[in-house]
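Here the structure comes first, spelled out in structure tokens, and everything after it is commentary.
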Amino acid sequence: MKLIPALFAGAALVAASSAFADSRVFIVANQPDGYGVDLCLARSEKCGAPAAAAYCQSREFAQAVAYRRVDPDEITGAVPKSGGPACTHGGCSEYVAITCQR
């Protein structure tokens, strides 16, 4: 009889872990385009929600659950620092993290 509750607990654990596996964080270069969309994303303002949602949908995710500016130090050495020799344009240190969910 104790086997049945254990099976239900195991099934619930598998279902919960699969829900967490359906989200992903994308790091996107924030390139000012003159329309203000990038500023909205970088400042986590409501006006950035449509851009974040469109980004997630273009990658076959259902929705964007979060978006925010990311400091280059948070991205473990994968991006150049602004002003460094590898930085050829003014916005090298501008990045946005968009969390998408299925």
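Both backbone and side-chain heavy atoms feed into the values below; hydrogens, waters and symmetry mates do not. Along the sequence shown, residues carry numbers from 1.
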Checklist outcome for this item: Taken to the nearest 0.5 Å, the spacing of L41 CG from Y67 OH works out to 7.0 Å
Checklist entry - Do side-chain atoms of R102 reach the backbone of E60 as a donor and acceptor pair under 3.5 angstrom? => result yes
Item to check | Where F61 and D22 come nearest, the two heavy atoms and their spacing | outcome: CE2-O, 3.9 Å
Checklist outcome for this item: Sorted by chain and number, sequence neighbours left out, salt bridge (Lys or Arg N to Asp or Glu O under 4.0 Å) with E45 holds for none
Checklist entry - For the residue pair C40 and G48, what are the closest heavy atoms and their distance? => result CB-N, 3.3 Å
Checklist outcome for this item: d(Y55 OH, C100 SG) to nearest 0.5 Å is 7.0 Å
Checklist entry - What are the two closest non-hydrogen atoms of S44 and R69, and how far apart are they? => result OG-N, 4.4 Å
Next on the checklist: Tell me the closest heavy-atom pair linking V96 and V70, and the distance in Å.
Outcome noted: C-CG2, 3.9 Å
